[in-house]
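Take a look at the structure below.
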There are 2 protein chains.
Amino acid sequence: MDDLEKPRGGRPRAFDLDRALDAAMHLFWEHGYEATSLAMLREAMGLTPPQIYNAFTDKETLFRKALTRYHQTEIGFALEALSAPVPTGEAIRRLLLGAAEAYSRPGKPGGCLFVSGALAASPQAQAIADELKAYRKASEAGIAERLAQGRAIGDLPEGLAVEGFAKFLAGVMNGMSIQARDGASVEELRTLAQTALAAFAIEGQKQAHHPRNEADAGSLPRG
Amino acid sequence: MDDLEKPRGGRPRAFDLDRALDAAMHLFWEHGYEATSLAMLREAMGLTPPQIYNAFTDKETLFRKALTRYHQTEIGFALEALSAPVPTGEAIRRLLLGAAEAYSRPGKPGGCLFVSGALAASPQAQAIADELKAYRKASEAGIAERLAQGRAIGDLPEGLAVEGFAKFLAGVMNGMSIQARDGASVEELRTLAQTALAAFAIEGQKQAHHPRNEADAGSLPRG
DNA sequence: CAGGTTTCGTATCGATCACTATGGATGATT
DNA sequence: AATCATCCATAGTGATCGATACGAAACCTG
C-alpha cells in the first residue's frame with residue numbers, strides 16, 4: 001500500500017492487505033468511522049484483532065489508510081475532470097456528472113466517504129472529523145483553482161467570483177452525496193447535477209464548447 | 001412538551017424539562033446521535049442518569065424528542081417560507097436564504113441536525129438514521145408540493161419537472177448544511193443560495209415578483 | 001398525620017468498546 | 001540444521017457504553 005517494508009524474514013502474511021483494506025473502506029463508507037466497530041471490521045475483513053493491529057497499527061490508522069485508498073480507487077473522476085484539457089464548462093460538467101455516477105455505484109455505499117465518514121463526531125474523534133473536513137476543503141480548493149485558470153484564459157466571465165462559485169459547486173456535490181445516501185438514483189443525481197450546471201449558462205457561455213450537451217446543461221429539469 | 005402528564009402527587013421534578021432537552025438537542029446537533037454519550041449528556045444537562053431516564057425513557061427517545069424540539073424551535077423558517085402568500089420564486093428564495101441564516105447561527109452548531117444527526121450509523125442505530133432520512137425526505141416533499149402549487153397557478157414554466165427541481169433545491173440545502181459545518185459564514189452561505197437561485201432565473205421568471213431582489217437572485221456571485 | 005406516588009442521589013449493572021499479552025507456527029538467513 | 005524475525009490463534013485486558021436497583025426524600029390526597 002504505502003510503506004514498502006521489506007520483510008527480511010519471518011512468517012509471511014496470510015491475507016491480502018489491499019483486499020482487507022477494501023473491506024474496511026466499504027465498512028467505514030457505509031457506517032462512518034466511529035460507528036464501525038472492530039467486531040464489524042473483524043468479520044468483514046475476515047481477520048483476527050491481532051492481524052488487523054499488526055497490519056494497520058490501530059483503528060485510526062486503518063481509517064486514514066482507507067481514506068487514501070478511497071481517494072485512489074473511487075474518486076479519480078474528480079482529478080481527471082479538473083485536469084482534462086477541455087473548456088472550463090466541460091470540466092465542471094464532467095466533475096458533477098462524474099460525482100453523480102460515483103455516488104450511486106451499484107454494490108457500493110451511497111454518497112462520498114469524505115462526507116459520510118464523520119460529519120459529526122465525538123470529542124475523541126475530532127481529529128478524524130478534521131481530516132475529512134480537510135479533504136472536503138481540498139476538493140473545493142481544486143475546483144476554485146480550475147475556475148481561476150478558466151477565468152485567466154477568458155473561459156469565464158471576468159467578474160465571476162471564483163471562490164463563491166467553487167463553494168457553490170462543492171456544496172452541490174456535498175448535497176448530491178446526501179441525496180445519494182437517501183437513495184437517489186444515478187439518473188436523479190444527473191438531473192440534479194445538470195440543474196446546477198444551468199447556473200453556468202446564465203452569464204452566458206458565449207463560446208459554446210460542447211454543442212451536444214448544451215441542451216441538457218442549460219435548462220431546468222423537465223418531466 | 002408533548003406528553004402533558006398530570007402529576008397527581010409525588011415529588012416534584014427538580015429541573016426544567018425544556019431546558020434539559022435544549023441542552024441535549026445542541027449536543028446531538030454538534031456530535032450526532034451515537035457519538036453523544038450519556039456522560040456528555042449528563043454533564044451538559046446537569047442531571048444524573050436516573051433523572052434523564054425517568055424524564056426521557058432512554059437515549060433514543062431523548063433524541064427523538066430533541067428532533068421534535070429542533071423542528072419547532074430552529075427551522076420554522078422553512079414552513080414559513082413555503083406557506084407564505086408570495087410568488088413561488090420568492091418562497092424558494094426565502095427558503096434558501098433562511099437556511100443560510102439558520103445553518104450558521106452564532107452560538108449554535110453549524111448545519112442542520114437532520115443532516116448531522118446520523119448521516120452514517122451503526123446497525124443498532126439504523127432506526128435513528130432512517131428517521132432522519134424521513135425528515136429530509138419530508139423537507140424535499142414540502143418543496144415539491146410548493147413547486148407543484150406554483151406551477152398550477154402559472155407561477156412556473158409548465159414543463160418544469162417539479163420532483164427533479166425539488167431534489168435539486170433539497171440537495172443544495174443539504175450541501176449548505178455541510179458547508180456550514182465546515183465553517184462557512186452566513187455571507188458565504190447566502191452567496192451559495194443565490195447562485196442556486198439563479199437556476200430559477202434561466203427559464204425566466206417572466207413576472208418579476210420582487211424587483212429589489214432580482215439583481216441578487218439572478219446572477220452569479222461576483223467579487 | 002398516614003398512605004400513595006413520583007423523583008431524588010448513590011452506586012453499580014452486564015455488554016461492548018478498542019486493544020494486547022502470550023506462546024506456538026512459519027518463513028528467510030546463514 | 002540453527003537462528004532470527006514476523007505472523008498466527010487464543011484468550012483476555014481496563015475503560016466506557018447505555019441503562020438500573022435501591023432506599024431515602026418530597027410532594028399530593030385522604
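Lettering of chains follows the sequences in order, A, B, ..., and the numbering in each one begins at 1.
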Report which part of the nucleic acid A/A55 touches: base, sugar-phosphate, or nothing (heavy-atom distance under 4.0 Å, all strands). nothing

If I take atom CG in residue B/L47 and atom P in nucleotide C/dC8, what distance separates them, rounded to the nearest angstrom? 8 Å

All N/O donor-acceptor pairs, side-chain side in residues 170-179 of chain B, below 3.5 Å, sequence neighbours left out:
residue: B/N174; atom: ND2; partner: B/A170; partner atom: O; Å: 3.4
residue: B/S177; atom: OG; partner: B/C112; partner atom: N; Å: 2.7
residue: B/Q179; atom: NE2; partner: A/K167; partner atom: O; Å: 3.1

Does OP1 or OP2 of D/dA19 have a side-chain N or O of B/Y53 closer than 4.0 Å? yes

Need to verify one output field. Residue with the more 5' nearest nucleotide on DNA chain D, A/P12 or B/T57? A/P12

Side-chain ion pair, A/R136 and A/E140, N-O less than 4.0 Å: no

Interatomic distance, A/R13 CZ vs D/dC8 P [rounded to whole Å]: 7 Å

Tell me whether B/D182 is salt-bridged to A/K137, with the criterion being a basic N under 4.0 Å from an acidic carboxylate O. no

Under 4.0 Å between any heavy atoms, over every strand shown, what does B/F56 touch: base, sugar-phosphate, or nothing? Just pick one. nothing

Kindly state each residue pair satisfying ring pair (Phe, Tyr, Trp, His ring centres under 6.0 Å) with at least one member in residues 166-188 of chain A, sequence neighbours excluded. A/F165-A/F168

What's the CZ-P distance between B/R42 and C/dT10, to the nearest Å? 12 Å

Output every pair passing salt bridge (charged side-chain N to carboxylate O under 4.0 Å, His left out) with a member in residues 105-120 of chain B, not counting sequence neighbours, ordered by first then second residue. B/E74-B/R105, B/E74-B/K108, B/E101-B/R105

Does anything in residues 34-56 of chain B form a salt bridge (charged side-chain N to carboxylate O under 4.0 Å, His left out)? List the pairs, not counting sequence neighbours. none

Rounded distance (Å) that lies between atom C1' of C/dT7 and atom CG of B/L17: 12 Å

Quick one: which of C/dA18, C/dT26, C/dT7 gets closest to the side chain of A/L38? C/dA18

Whole angstrom is fine here: how far is it from CG in B/L41 over to P in D/dG18? 8 Å

NA contact type, A/T36, heavy-atom cut-off 4.0 Å: base, sugar-phosphate, or nothing? sugar-phosphate

Rounding to a whole Å, what distance do you find between B/F15:CZ and D/dC27:C1'? 16 Å

When the distance from CE of A/M45 to P of C/dA18 is rounded to whole Å, what number comes out? 13 Å

Rounded to whole angstrom units, what separation is found between the CD atom of A/E34 and the P atom of D/dT16? 14 Å

Heteroatom pairs (N/O) under 3.5 angstrom, protein to nucleotides 9-13 of chain D:
residue: D/dA9; atom: OP2; partner: A/Q51; partner atom: OE1; Å: 3.4
residue: D/dA9; atom: OP2; partner: A/Q51; partner atom: NE2; Å: 3.4

How do B/Q124 and B/N54 order along DNA chain C: which one's closest nucleotide is nearer the 5' end? B/N54

Sort and list the pairs that fulfil ring pair (Phe, Tyr, Trp, His ring centres under 6.0 Å) and have at least one residue in residues 120-141 of chain A, not counting sequence neighbours. A/F114-A/Y135

